[in-house]
A.B. asks: 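I'd like to ask you about the structure that follows.
In this text, all values refer to a predicted model and were calculated from it rather than measured experimentally. In listed order, ligands and their atoms are each counted from 1.
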Amino acid sequence: MEFLLSAVKDPGTDPVAFTFFIGCMAMAAASVFFFVERNSVSEKWRLSLLVSALITGIAAVHYFYMRDAFGASGNTTALRYIDWTLTVPLMCVEFYLLTKAAGATKGLMWKLILASAWMLIAGYIGEAFNPEGGSTSHSVTWGVLSTIGYVYVLYSAWMGEVAKLAESSGDPVVQKGVRTLAWFVLVGWAIYPIGYMCMPGGWLNGVGFLDADTVDLFYNIADAVNKIGFGLVVYSIAINSDK
Ligand SMILES: *C/C=C(C)/C=C/C=C(C)/C=C/C1=C(C)CCCC1(C)C
């Protein structure tokens, strides 16, 4: 069955194309949910819920375009990185908002944003400028450089400033919430480099069923877990601390 009018990879027959289709709906639904639920939490959590709605809303629009791009050419790299460049900094803003009451500064927020921007720029160079047919040295070099930015965010969430601020907040709901987000960064964000390694020249390309298309499969699964998951954690912090 064909879903789209002119697609080489159609969501009706291609499993990876189908995850783009589902991604559109999941992100759009999550965005509406967080936006509407803003009204049922106390004042101090409304901005956090709005940011969750923006993250999933921005992703929904990108998924709509990526679904078409994937169907037509299989190449979504530019759209993917535009999406991440907007949404990952907003996830850093979430960390800032959650620890603000405990004394988080804008400086902390900008450090996280800078580290994640580094992670994404290096990742983009790794993917977009991967030579025809794939180059292992190119993909590994930029993958490693990107990982430095990732490790900084991971460190901050588990042991650095974010973790310490959450600890000193004295609020068990915030402590548990920030710890859960730190798990997302450790486990959920780690799905992305696995996808990255499936590109031509990458370490996992050609292992089992892993090929250039599975890059998008991993990214789509990771986006659903992280963008919707992050939002739900923030939502549960808001509801539980209001009790
Ligand atoms: C909503 C989008 C999110 C949370 C995107 C996160 C992306 C990453 C954590 C990407 C990480 C990468 C590496 C650590 C190395 C290889 C290149 C990347 C960019 C895939």
Side-chain angles (χ1 to χ4, degrees), residues 19-20 23-24 26-28 30-31 34 51-66 76-95 112-130 134-158 162 180-205 210 212 214-234:
T19 61
F20 278 104
C24 284
M27 294 292 179
S31 183
F34 296 131
V51 175
S52 297
L54 289 176
I55 292 170
T56 44
I58 291 168
V61 176
H62 282 83
Y63 268 79
F64 190 76
Y65 285 100
M66 284 196 287
T76 57
T77 307
L79 287 164
R80 181 74 75 180
Y81 277 86
I82 296 170
D83 174 333
W84 290 352
T85 306
L86 299 168
T87 51
V88 177
L90 286 172
M91 295 172 113
C92 298
V93 171
E94 295 278 33
F95 273 120
L112 293 174
I113 291 178
L114 236 89
S116 57
W118 168 270
M119 172 182 91
L120 295 176
I121 292 167
Y124 180 73
I125 297 173
E127 290 196 54
F129 300 106
N130 189 25
S135 151
T136 304
S137 66
H138 176 86
S139 107
V140 172
T141 305
W142 291 100
V144 168
L145 287 172
S146 168
T147 302
I148 298 170
Y150 170 53
V151 169
Y152 181 87
V153 179
L154 192 59
Y155 172 81
S156 186
W158 278 93
V162 170
T180 310
L181 291 184
W183 273 107
F184 270 92
V185 176
L186 179 66
V187 181
W189 288 29
I191 304 170
Y192 296 99
I194 298 173
Y196 176 93
M197 287 188 272
C198 295
M199 75 166 126
W203 280 340
L204 295 178
N205 187 276
L210 304 178
T214 41
V215 174
D216 280 299
L217 177 64
F218 281 109
Y219 289 171
N220 290 354
I221 293 170
D223 273 356
V225 169
N226 291 296
K227 292 183 165 63
I228 301 172
F230 236 67
L232 287 173
V233 173
V234 171

A.B. asks: Are the side chains of Leu112 and Val162 in contact, using a 4.5 Å heavy-atom criterion?
C.D. replies: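 Yes, close enough: below the 4.5 Å cut-off.
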
A.B. asks: For a side-chain contact (heavy atoms from CB on, under 4.5 Å) check, start with the C-alpha distance between Tyr63 and Asn220, then their side-chain angles and the critical distance, and finish with the verdict.
C.D. replies: CA-CA 9 Å; Tyr63 268 79; Asn220 290 354; 3.2 Å; yes

A.B. asks: Under a 4.0 Å heavy-atom cut-off, what residues line ligand 1?
C.D. replies: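 Lining ligand 1 at under 4.0 Å, by heavy atoms, one finds Tyr81, Trp84, Thr87, Val88, Met91, Met119, Gly123, Gly143, Ser146, Thr147, Tyr150, Trp189, Tyr192, Pro193, Tyr196, Tyr219, Asp223, Lys227.
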
A.B. asks: Check the surroundings of atom OH in Tyr65: do more than 12 heavy atoms from other residues, nucleotides or ligands lie under 6.0 Å from it?
C.D. replies: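 No, not enclosed.
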
A.B. asks: Rounded to the nearest 0.5 Å, how far does CZ of Phe218 lie from OG1 of Thr19?
C.D. replies: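 So the OG1 of Thr19 and the CZ of Phe218 are separated by 11.5 Å.
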
A.B. asks: List the atom pairs, with distances to 0.1 Å, where a side-chain N or O of residues 87-95 and a protein N or O form a donor-acceptor pair under 3.5 Å, not counting sequence neighbours.
C.D. replies:
residue	atom	partner	partner atom	Å
Thr87	OG1	Asp83	O	2.9
Thr87	OG1	Asp83	OD1	3.1
Glu94	OE2	Ser52	N	3.3
Glu94	OE2	Ser52	OG	2.8

A.B. asks: Can you say whether the rings of Trp189 and Tyr150 are parallel (under 30°), tilted (30 to 60°) or perpendicular (over 60°)?
C.D. replies: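 Trp189 and Tyr150: parallel rings.
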
